[in-house]
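Below, read A as the first sequence line, B as the second, and so on, with proteins coming before strands; counting in each chain starts at 1.
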Protein chains: 2
Amino acid sequence: MNLPPSAEKRSDAFMRILEAAAGVFSEAGFAGARMDEIAARAGVNKATIYYHIGDKETLYAEVIRSVIGNTAETIAREIQNIQDPEEKLMIYIRTFARNIDVNPQVAPIMMREVASGGKHLPEIVARDIFRIVNLLSGILKEGKKKGVFLETIPFLIHIMVIGAIITYKTSAPIRRRYDWIPPAIRNLDDKISGNIVVELEKLILKAVKK
Amino acid sequence: MNLPPSAEKRSDAFMRILEAAAGVFSEAGFAGARMDEIAARAGVNKATIYYHIGDKETLYAEVIRSVIGNTAETIAREIQNIQDPEEKLMIYIRTFARNIDVNPQVAPIMMREVASGGKHLPEIVARDIFRIVNLLSGILKEGKKKGVFLETIPFLIHIMVIGAIITYKTSAPIRRRYDWIPPAIRNLDDKISGNIVVELEKLILKAVKK
DNA sequence: AGTTAAACTAACTGGTTAGTTAATTCTATG
DNA sequence: CATAGAATTAACTAACCAGTTAGTTTAACT
């Protein structure tokens with residue numbers, strides 16, 4: 001679980017509540033989540049949540065922040081020392097994919113957040129998300145200037161990458177639900193940061209390359 | 001609103017309830033939707049919903065079925081008379097995109113359904129969705145045999161296309177939420193079946209072509 | 001006009017759930 | 001050890017909401 005720099009040292013109960021909340025919100029969404037369930041999973045009394053964090057909306061915002069609040073920072077760090085735009089793009093995709101695998105609650109939360117028009121998305125997290133888009137725009141612009149990439153709509157490329165990754169990741173339960181689903185689909189890897197992301201990188205690169 | 005062949009002739013109240021429910025479920029999700037709100041929008045007493053359709057789950061299943069229940073049929077019809085795999089792939093993408101534009105409730109409902117692991121997805125609709133995947137697999141296999149497409153993971157291509165389309169479509173409210181969002185992103189078309197899908201077609205075709 | 005069934009509604013019910021309160025236990029420090 | 005403040009809890013409350021009920025209106029048919 002990622003933490004904002006300011007919140008490095010939080011009490012044990014605080015952390016357990018955040019983790020439990022991330023799990024419940026990721027499974028049930030904001031409206032479907034129950035504060036009692038979160039308290040039970042965290043092993044604390046429900047009132048402890050209100051004492052440490054606050055009401056349901058505040059808790060949700062805290063979860064969102066802790067779980068996707070510094071994705072941009074991670075990606076920026078990974079690509080900063082790379083020169084080649086093509087490799088930058090690959091690392092961009094790979095880093096996001098690894099993030100999704102390491103923190104499996106992120107994908108469902110992001111999907112529902114998009115679906116609800118970002119109703120509960122704290123502005124600071126929105127800024128972080130658009131910083132990710134801007135990183136990609138920079139890569140694509142640089143590649144175009146160097147004559148290796150075509151002119152594209154950066155936001156569409158972003159959506160193709162991020163949309164594919166989070167949709168693939170969350171599709172796992174549906175892919176296994178019925179026995180009539182072709183094995184070629186059923187048996188695909190749950191992890192996206194393995195061979196799947198390698199294939200995705202190839203496809204995206206091929207699409208934008210001159 | 002698409003209707004199953006069996007349900008062509010339904011009462012006025014039934015139709016109004018379905019439409020209102022599609023709107024509310026699309027805005028709030030299953031857990032967030034309120035039966036009273038649906039009744040109010042439909043202009044009927046809440047009990048009328050239970051009289052005509054049944055409980056919340058039944059109503060939701062009915063909405064899902066009416067709204068995405070025959071997408072595969074539509075796509076199959078559109079591509080059946082085309083020979084060229086490249087054009088088939090383009091029409092596949094374009095038809096799905098048009099469907100999403102014509103029925104704007106579909107994208108949020110699909111996203112939340114994927115996010116929740118298809119918890120409320122009726123099996124018959126799941127079959128329809130995987131029929132869409134199979135249609136694409138067929139196109140890609142044919143193209144490979146004819147030597148115009150590369151070897152790919154069809155499900156990943158499906159996810160790239162469908163994931164991109166529904167994520168793009170639902171991203172509209174977030175893209176407009178803050179005034180610091182770059183105009184290049186803010187001012188993108190809400191409609192996906194215009195120039196956006198044309199660009200998406202180009203990118204996907206370029207990615208899979210030999 | 002009278003009868004019957006279908007369609008519809010106002011008002012209610014009971015279970016659920018976010019949030020609160022008042023009291024108790026733990027912990028650190030002089 | 002004593003005490004103050006922080007952390008935690010059991011039990012409660014008020015609002016909410018899915019689903020029901022008992023009764024009324026509408027429409028079709030004889």
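Between B:Lys46 and A:Asp55, the one whose closest nucleotide on DNA chain C sits nearer the 5' end is B:Lys46.
For C:dA18, the OP1/OP2 oxygens have a side-chain nitrogen or oxygen of A:Arg34 closer than 4.0 Å. For D:dA6, the OP1/OP2 oxygens have no side-chain nitrogen or oxygen of A:His52 closer than 4.0 Å. Applying the 4.0 Å criterion to OP1 and OP2 of D:dA7, one finds that A:Thr48 has every side-chain N and O outside that range. For C:dA7, the OP1/OP2 oxygens have a side-chain nitrogen or oxygen of B:Tyr51 closer than 4.0 Å.
Listed candidates were D:dT20, D:dA7, C:dG19. Nearest to the side chain of B:Ala47 is D:dT20. Here the nucleotide nearest the side chain of B:Tyr50, chosen from C:dA18, C:dC8, D:dT20, is D:dT20. For B:Asp36, the side-chain atoms get nearest to D:dA18 when compared with the rest of C:dA18, C:dT9, D:dA18. The side chain of A:Val44 sits closest to D:dT9 out of D:dT8, C:dA6, D:dT9. Checked against C:dA7, C:dA18, C:dT9, the side chain of B:Asn45 finds its nearest nucleotide in C:dT9.
Note: CD1 (A:Ile49) to P (C:dT17) measures 14 Å, nearest angstrom. For the pair A:Phe14 CZ and D:dA6 P, the interatomic distance rounds to 17 Å; values are reported in whole Å. As rounded to whole Å, 15 Å separates atom P of D:dA18 from atom CD1 of B:Ile53. Here the P atom of nucleotide D:dC12 and the CE atom of A:Met35 are 21 Å apart, to the nearest Å. For the pair B:Glu57 CD and D:dG19 C1', the computed distance is 13 Å after rounding to whole Å.
Heavy-atom minimum distance, B:Lys191 versus B:Asp189: N-OD1, 3.1 Å. Taking both residues in full, the closest heavy atoms of A:Leu188 and A:Arg176 are given as O-NH2, 3.5 Å, listed atom of the first, atom of the second, then distance.
Across all strands shown, B:Ala33 has heavy atoms under 4.0 Å from sugar-phosphate atoms exclusively, and none from any base.
Screening B:Glu201, B:Glu78, B:His158 for a side chain to side chain donor-acceptor pair (under 3.5 Å) with B:Tyr92, the sole residue that qualifies is B:His158.
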Handout entry: Residues A:Ile38, A:Phe25; criterion side-chain contact (heavy atoms from CB on, under 4.5 Å); working and verdict
Key = CA-CA 9 Å; A:Ile38 294 169; A:Phe25 282 129; 4.1 Å; yes
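Residue-environment remark: CZ (B:Arg98) stays at or below the threshold of 12 foreign heavy atoms within 6.0 Å.
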